[in-house]
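Here is the structure we will look at, set down as structure tokens.
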Amino acid sequence: MVKWLYRMEKHDSFVHPAFSISGKSYSKETLLEYAHDLSASKASWQVGIGQFFIDWLDSSTSIEIKTSGTTNGVKTLRVNKSDLMAHAQMSCDFFDLKPQDKIAHVLSNDFIAAKMILVRALTRGLDLWCFKPSKSPLDGVSEHFDWVSMVPLQLAHSLPALSQIKNLLIGGAPMSDDLRNKSIVVATEHQCQIFISFGMTETLSHIAVAALKENSRPLFKTLPGISISVDSKSCIQIQADYLKEVITTSDVVELVGTHSFLWLGRSDYTVNSGGIKLQPELIEREFSASFKELFFFCGMPDPLLGEKLCLVVLASHKEIAITQIHSFVFSSPYYRPKSVLTIPKFCLTNSEKIKRKESLSKGYDEHHLS
């Protein structure tokens with residue numbers, strides 16, 4: 001990568017000459033007019049897109065973005081537009097997106113993943129098609145797209161649309177094995193490539209991508225220009241020209257070479273049970289083959305073990321959860337939970353991720369397992 005290509009010597013909000021929306025070309029001037037029209041729309045999703053265009057075209061060299069709020073609540077960050085451009089070019093290079101390639105925008109514009117779709121289109125000269133975010137955003141759409149990004153919930157309701165998509169990037173929430181396997185069958189039939197993303201707001205969207213494969217853990221490969229390492233806790237450290245400093249995350253990974261890794265879970269979710277360190281996310285993926293309801297595993301204080309592994313479910317799903325635990329063959333005896341915690345409701349982010357601490361903070365009942 002040539003670093004200067006993605007840095008602006010002075011501020012000049014970049015719009016690629018090939019940039020278009022639904023096949024119609026826009027200059028900076030005409031785009032600003034269109035953006036103001038969108039910002040006056042009665043549809044909130046159009047307002048968000050219009051406001052981003054307005055912010056992109058103003059004289060400021062930076063722009064505000066919000067974190068997803070999965071772990072520590074929603075935060076507002078201000079980032080340089082040149083850094084957004086740099087990341088957008090990395091992503092476009094990875095997916096071999098060329099000027100006039102057609103992409104669909106179907107995500108909520110509140111967070112970084114959606115905003116970066118707009119930046120990619122603006123800076124690579126892509127043909128941008130925007131649709132209302134919903135469970136099945138491409139219903140009734142006949143267009144074919146070179147690239148689309150969705151959350152798992154959208155994918156689950158959009159399997160027929162895979163015939164219209166060349167490359168599909170999935171992120172925002174975990175994908176169940178059932179959805180994974182169904183998607184692979186449909187995608188293979190229609191020659192659609194599905195990828196899983198790894199990234200966060202602080203890295204300006206994905207920094208690594210894994211091809212979706214049946215019955216295998218995703219092997220993530222970094223975007224060009226991204227360097228990775230791990231700290232003493234095996235948490236991934238991310239370095240790139242567009243990042244002001246090395247970012248150390250709470251994601252526990254296993255490095256596979258210099259530019260690939262397997263994701264194991266989050267260190268802040270790790271359960272240390274009698275000296276055995278357990279990653280709830282790995283156990284969740286395993287147990288999801290048997291239990292189809294919403295759930296997660298967590299650690300709770302225990303006088304003998306220090307922490308014990310517990311399964312968290314809705315109160316209405318207690319009996320089926322206990323039955324499945326007793327009948328399910330875990331790959332390790334340490335993976336079998338000691339208790340079931342029942343809660344009245346799950347707290348979710350806009351992208352359908354479970355807010356674990358918030359869900360438990362609503363109160364729970366414990367049911368010990370023999």
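In what follows, every heavy atom counts, from backbone to side chain, and hydrogens, waters and symmetry copies are set aside.
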Is there side-chain contact between [X] and [Y], with at least one heavy-atom pair below 4.5 Å?
| X | Y | result |
| --- | --- | --- |
| L77 | I112 | no |
| P224 | D93 | yes |
| L309 | I283 | yes |
| C310 | H368 | no |
| F220 | V253 | no |
| I238 | M200 | yes |
| P133 | V106 | no |
| S183 | L155 | yes |

Judged by atom type as modelled, is there a donor-acceptor pair below 3.5 Å linking the side chain of [X] to the main-chain atoms of [Y]?
| X | Y | value |
| --- | --- | --- |
| N181 | D178 | no |
| H190 | C192 | no |
| S158 | Q154 | yes |
| Q164 | E143 | yes |
| D302 | L304 | yes |
| K292 | S288 | yes |

Pair L212-I184, side chain to side chain contact (heavy atoms under 4.5 Å, CB included): steps then yes or no: CA-CA 7 Å; L212 190 67; I184 289 173; 3.9 Å; yes

Between [X] and [Y], which heavy-atom pair has the shortest distance, and what is it?
| X | Y | value |
| --- | --- | --- |
| I63 | W56 | CD1-N, 4.2 Å |
| F53 | A35 | CB-CB, 3.6 Å |
| A113 | S205 | CA-OG, 4.3 Å |
| S108 | A114 | O-CB, 3.0 Å |
| P152 | L179 | O-CD2, 3.5 Å |
| R120 | H87 | NH2-CE1, 4.2 Å |

Check whether more than 12 heavy atoms from other residues, nucleotides or ligands sit under 6.0 Å from atom [atom1] of [X], and answer yes or no.
| X | atom1 | result |
| --- | --- | --- |
| E281 | CD | yes |
| F52 | CZ | yes |
| K182 | NZ | no |
| F328 | CZ | yes |

[X] bridged to [Y] by N-O distance under 4.0 Å:
| X | Y | answer |
| --- | --- | --- |
| D251 | R266 | yes |
| D55 | K81 | no |
| E358 | K353 | no |
| K308 | E366 | yes |

Could you tell me the separation between the [atom1] atom of [X] and the [atom2] atom of [Y], rounded to the nearest 0.5 Å?
| X | Y | atom1 | atom2 | answer |
| --- | --- | --- | --- | --- |
| I236 | T249 | CD1 | OG1 | 6.0 Å |
| N167 | S149 | CG | OG | 11.5 Å |
| L278 | C298 | CG | SG | 12.0 Å |
| K362 | K355 | NZ | NZ | 9.0 Å |
| M90 | H206 | CE | NE2 | 10.5 Å |
| L126 | W147 | CG | CH2 | 9.5 Å |

Just checking, any donor-acceptor pair under 3.5 angstrom between side chains of [X] and [Y]?
| X | Y | result |
| --- | --- | --- |
| E254 | S234 | no |
| T30 | S27 | yes |
| S331 | E286 | yes |
| T248 | Q237 | yes |
| T76 | E64 | no |
| Q46 | S41 | yes |
| S339 | H367 | no |
| D127 | S20 | yes |

Can you hop from [X] to [Y] via hydrophobic side chains spaced under 4.5 Å?
| X | Y | value |
| --- | --- | --- |
| I276 | L311 | yes |
| L360 | V271 | no |
| M300 | I325 | no |
| L348 | V312 | yes |
| L107 | V141 | yes |

For side chain to side chain contact (heavy atoms under 4.5 Å, CB included), just list the numbers for I165 and H144, CA-CA rounded to whole Å, side-chain angles, deciding distance to a tenth of an Å, and then say yes or no. CA-CA 6 Å; I165 300 171; H144 285 67; over 6 Å; no

For F330 and F287, I'd like to know if the aromatic rings sit close, meaning centre-to-centre distance below 6.0 Å.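 Yes - the distance between ring centres of F330 and F287 falls below the 6.0 Å cut-off.
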
Is the distance between the ring centroids of F195 and F95 under 6.0 Å?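 So the answer is yes for these two rings.
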
Mind running side chain to side chain contact (heavy atoms under 4.5 Å, CB included) on Y26 and I21 for me, showing each step along the way? CA-CA 7 Å; Y26 283 87; I21 301 176; 3.7 Å; yes

Parallel, tilted or perpendicular: ring planes of F295 versus F291, cut at 30 and 60 degrees: perpendicular

Test log, rule ring pair (Phe, Tyr, Trp, His ring centres under 6.0 Å), inputs F261 and F198: CA-CA 11 Å; F261 62 91; F198 175 90; 5.2 Å; yes

As a quick check of understanding, evaluate salt bridge (charged side-chain N to carboxylate O under 4.0 Å, His left out) for D83 and K244, giving each step before the final call. CA-CA 9 Å; D83 294 338; K244 296 178 179 62; 3.5 Å; yes

Step-by-step side chain to side chain contact (heavy atoms under 4.5 Å, CB included) determination, H326 to R336: CA-CA 9 Å; H326 285 308; R336 187 178 185 275; 3.0 Å; yes

Before you tell me yes or no, could you show the steps for Q324 and S290 under side-chain hydrogen bond (donor to acceptor under 3.5 Å, both in side chains), namely the whole-Å CA-CA distance, both residues' side-chain angles and the distance that decides it to 0.1 Å? CA-CA 7 Å; Q324 291 300 323; S290 176; 2.3 Å; yes

